[in-house]
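Sequence lines set the chain letters: A, B, ... in the order given, protein chains first and strands last, and positions in each chain run from 1. Just so it is clear, the model here is predicted, and its values are computed rather than measured.
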Amino acid sequence: MTATTRSAVRFLAPYAVGTLLLVAVPALLTVGYAFTDHTGLSTPRFNGLANLRRLAGDPFFRASLRASMVHVAMAVPLRLLAASGLGLLLAAPRRGGRWYRAAVYLPTVIPDIALALLFLWVLNPLYGPLNQLLGAVGLPQPTWLATTWGARVGVVLMLLFPIGEAFLVVLATRRQVNARLYEAAALDGCSPFGQLRRITLPLLAPVLVLLAVRDLVLTLQVNFVPAYILTDGGPGNATLYLPLYIYDQAFEFLGFGYAATITVVLLAVTVAFIGLQLALVRRWRVLR
Amino acid sequence: MTDADTVTDADTPSARVALEGLGKRYGDVVALDDLTLTVEPGELVVLVGPSGSGKSTALRILAGLEEATSGRVLVAGRDVTRVAPHRRDVAMVFQDYALYPHLTARDNLAFGPRVRREPAAAVTARVERVAVQLGLDGLLDRYPDQLSGGQQQRVALARAMVREPAVFLMDEPLSNLDAQLRLAARAEIVELHRRLGTTTVYVTHDQAEAMTMGDRVAVLADGRLQQVGPPQAVYDAPANRFVAGFIGSPPMNLVAGGGALGGEPGTVVGVRPEDLHPDPTGAVALTVTVVEALGSETVLAGHSGDGSRLTVRTGPRSPCRPGDVVRLAVDSARRHRFDAATGRRLP
């Protein structure tokens, strides 16, 4: 081991210890608890595959899984589209551009809870500004959080705002692209849309893939706060996302063992989705 | 290779390019001031000047990548001043090549024709033909980052050729190559130009490239055209002090009139280093401070009795050492005189 490696190891050691104690050990404990009847009150006892059998026949779990899938299918593409669209739009230097960029980033620094409370007001069917706006232009005014799809879309709407990190990554990547490439393309008669399709998007592809994977992991989890504040899983379990259901099982019903089982399933679902994404990336030859 | 395989004058009609009174301002900064220049069909004209002289700006206005503040651009007699870049029938080679990093060399070459929706079979054939001409045929499936600098430069050149334009625009295409490669590529571009016969405007800051490549050179400084003419004519009779000092390496000795090189007050006298000859009866006494033995020649640098710095080019294996005093004779027929105030050449 060279001196450089030794000092690198010393510097990284605190993080390694932290990761071990705060992530690895609890994760392993969770896998262990998944096969117990742990309630947090008594000594956990091994109960084999009882939790998995319960899971298979649990209609709330099926509703929760469906809610999570629907949420990811809507939120990930839309969040990515918003982040990359705004990132590309605001990458070019223009007068006042910094204010627009700050405006896009700003909702990201607002705490989830505050943003959720804000959206409780925004989505209010009677005095919320969104419905007033829709009414003003003659569009239908849904009762948002009171209907299945209204609630699902409402949560996604809220999550369309904290996209600052992906926005910054797209912005920075776009700015790294050599401006001469666009001049060469312009000399060949490539339209702005053609330049987006033939140059910008292919060059951004590796970053977009990374952001898609990251956002998938994130989106499966960050929906806890909006669901807890906005809908509490309702109406009719339409927004009973897996993190919310896990929370309910663990802390409302003191079913730590069963909650651990669902957590392991959430992990498996996440891994499966990432696998699917990467398979599509390979299939569509997104990366060279 | 038969005639049909070769790109000749016949299938790349060459165009006359005319820049008429071009001006470009960035706020208060004048990048280009009233540039008028005509490039004849099939001619290779080199725009040369130090950085900030406006040469690249002129080329970019000609390409349509920047808008002139005043003046007109004509290609083949057509006013293209307000015409989009791709409707000007020009192709450009960029200094950093501007190859699309996510595309293979083949797809880089085919990019333009595909954008213009040309028939695929014709595009493939043309790409292959140009690749063979430039010795790229084994490299077409590589990505730019898998190619050497010289190969990337050729791909950039090939991409411009596939366009079969009426005018080639080259913006310092060799400045990113190492010295040896640059020399070879310089000869290749000249040879290619001779073969294709396409009008070419070539921008460089390297006076050696300007001297060796151009049918004519146009020297720019501070956004203004200083002189235009065949390289040797510009070398032999520089129009002003700037051109005298810029063209030629080592540069011309310029000494105030009445000094070591003679002449009258109010003038500046210029003598090229090769026009100063060691001669025991010579009028100038040079105290040598630096001896640069370049193998094929020796360059002596030093100062004369009145302190003027002079450079002398002599034959190889010079016996001179720093500290020696060498007497020099001036080839009076090759003495240049410039007005000290305006810098203009005096008869």
Side-chain angles (χ1 to χ4, degrees), chain A residues 80 84-85 87-88 91-98 166 169-213 277-278 280-288, chain B residues 56 59-66 80 83-104 107-118 123 141-146 152 155-160 162-165 167-173 176:
Chain A
L80 213 56
S84 46
L88 294 179
R94 60 164 59 93
R95 193 181 292 271
R98 64 170 69 180
V169 171
V170 170
L171 191 79
T173 313
R174 172 60 186 83
R175 286 189 167 183
Q176 298 259 311
V177 178
N178 181 355
R180 297 279 174 270
L181 298 185
Y182 295 98
E183 294 184 349
L187 277 160
D188 272 325
C190 201
S191 64
F193 179 73
Q195 291 172 18
L196 176 72
R197 187 169 70 84
R198 291 172 186 269
I199 301 176
T200 309
L201 289 180
L203 287 177
L204 247 54
V207 160
L208 293 180
V209 167
L210 176 78
L211 289 176
V213 170
Q277 273 183 331
L278 296 183
L280 287 178
V281 164
R282 193 161 305 166
R283 176 86 190 270
W284 293 339
R285 294 167 192 269
V286 174
L287 303 180
R288 114 184 189 201
Chain B
S56 285
L59 195 75
R60 291 170 60 77
I61 291 174
L62 175 44
L65 297 173
E66 281 185 43
V80 296
V83 172
H86 65 283
R87 297 192 194 283
R88 297 183 177 205
D89 204 8
V90 301
M92 187 150 166
V93 180
F94 292 87
Q95 180 175 359
D96 59 6
Y97 316 134
L99 298 179
Y100 305 114
H102 57 297
L103 299 179
T104 59
D107 290 337
N108 263 283
L109 297 197
F111 186 91
R114 281 183 190 155
V115 166
R116 292 188 291 278
R117 301 189 190 285
E118 293 178 25
V123 173
D141 291 317
R142 295 206 192 163
Y143 289 93
D145 61 6
Q146 297 168 328
Q152 289 181 29
V155 174
L157 206 58
R159 189 171 66 181
V162 166
R163 174 85 197 257
E164 295 182 347
V167 182
F168 279 122
L169 307 176
M170 304 200 185
D171 190 6
E172 309 217 17
N176 283 3

**Student:** To the closest 0.5 Å, what do you measure between SG (C190(A)) and CZ (R114(B))?
**Tutor:**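 If I round to the nearest 0.5 Å, the distance is 12.5 Å.
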
**Student:** To the nearest 0.5 Å, what is the distance between CZ (R116(B)) and CG (D188(A))?
**Tutor:**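 Separation between the atoms: 5.0 Å.
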
**Student:** Does anything in residues 196-207 of chain A get under 4.5 Å of chain B by heavy atoms, and if so which residues?
**Tutor:**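 Within residues 196-207 of chain A, near chain B: R198(A), I199(A), P202(A), L203(A).
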
**Student:** What part of A63(B) is in contact with chain A, defined as an atom under 4.5 angstrom from a non-hydrogen atom: side chain, backbone, both or neither?
**Tutor:**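 Interface part for A63(B): both.
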
**Student:** Name the region of L103(B), side chain, backbone, both or neither, that has any atom closer than 4.5 Å to a heavy atom of chain A.
**Tutor:**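 No part of it gets close to chain A.
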
**Student:** In terms of heavy-atom pairs under 4.5 Å, which option from A84(B), P101(B), P113(B), A91(B) contacts chain A the most?
**Tutor:**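 If we count pairs closer than 4.5 Å to chain A, P101(B) comes out on top.
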
**Student:** Only heavy atoms, only distances under 4.5 angstrom. Which residues in residues 176-186 of chain A are near chain B?
**Tutor:**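 Listed by number: N178(A), R180(A), L181(A), E183(A), A184(A), A185(A), A186(A).
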
**Student:** Between atom CG of L187(A) and atom CZ of R88(B), what is the distance when rounded to the nearest 0.5 Å?
**Tutor:**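 With rounding to 0.5 Å, CG (L187(A)) is 9.0 Å from CZ (R88(B)).
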
**Student:** Report which part of R60(B) has an atom under 4.5 Å of a heavy atom belonging to chain A: side chain, backbone, both, or neither.
**Tutor:**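 Side chain only.
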
**Student:** Which residues pass the side-chain hydrogen bond (donor to acceptor under 3.5 Å, both in side chains) test with Q146(B), sequence neighbours left out?
**Tutor:**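 Expected list: none.
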
**Student:** Applying side-chain hydrogen bond (donor to acceptor under 3.5 Å, both in side chains), can you list everything that pairs with S56(B), at least two apart in sequence or on another chain?
**Tutor:**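 Only D171(B) meet the side-chain hydrogen bond (donor to acceptor under 3.5 Å, both in side chains) criterion with S56(B).
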
**Student:** When you look at CZ of R175(A), are more than 12 heavy atoms from neighbouring residues, nucleotides or ligands closer to it than 6.0 Å?
**Tutor:**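 Atom CZ in R175(A) is crowded, with more than 12 foreign heavy atoms closer than 6.0 Å.
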
**Student:** Relative to chain A, which segment of F94(B) carries a heavy atom at a distance below 4.5 Å: side chain, backbone, both, or neither?
**Tutor:**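 For F94(B), side-chain heavy atoms alone lie under 4.5 Å from chain A.
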
